[in-house]
Amino acid sequence: MTSKEIQDLSQDQLKEQIAQERERLLRLKFAHAISPIENPLRIRASRKEIAKLLTELSAKTNQQ
């Protein structure tokens, strides 16, 4: 997701996206633990995506 797309999301949508991304990260970690995944940088990208979403959620929460 781009920064603009993240900014356009509501708080509920951000929470939903965070939950989905955390689930995806968990599955990636499990898959990597069992047998090395093809592109381990996807784990890093997923963590960064969660951080972006959490940052935007925090900004929206503080705005109110």
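- Nearest heavy-atom pair, Leu9 versus Gln17, reported as atom, atom and distance to 0.1 Å: CD1-CG, 4.0 Å.
- To the nearest 0.5 Å, atom CG of residue Leu57 and atom CD1 of residue Ile6 are 11.5 Å apart.
- Among residues two or more places apart in sequence or in another chain, the side chain to side chain contact (heavy atoms under 4.5 Å, CB included) test is passed with Ser35 by none.
- The salt bridge (charged side-chain N to carboxylate O under 4.0 Å, His left out) analysis of residues 31-53, with sequence neighbours excluded, yields no pairs.
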Kindly list each side-chain donor-acceptor pair under 3.5 angstrom involving residues 19-32, sequence neighbours excluded, with atom names and distances?
{"from": "Glu21", "atom 1": "OE2", "to": "Arg24", "atom 2": "NH1", "distance (Å)": "3.2"}
{"from": "Glu21", "atom 1": "OE2", "to": "Ser46", "atom 2": "OG", "distance (Å)": "2.9"}
{"from": "His32", "atom 1": "ND1", "to": "Ile37", "atom 2": "N", "distance (Å)": "3.3"}

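- To the nearest 0.5 Å, atoms NZ (Lys15) and CG (Leu54) are separated by 11.5 Å.
- Distance check: Lys60 NZ to Gln13 CD gives 9.0 Å after rounding to the nearest 0.5 Å.
- Side chain of Glu56 to main chain of Leu53: no donor-acceptor pair is present (N/O by atom type, distance under 3.5 Å, no hydrogens or angles).
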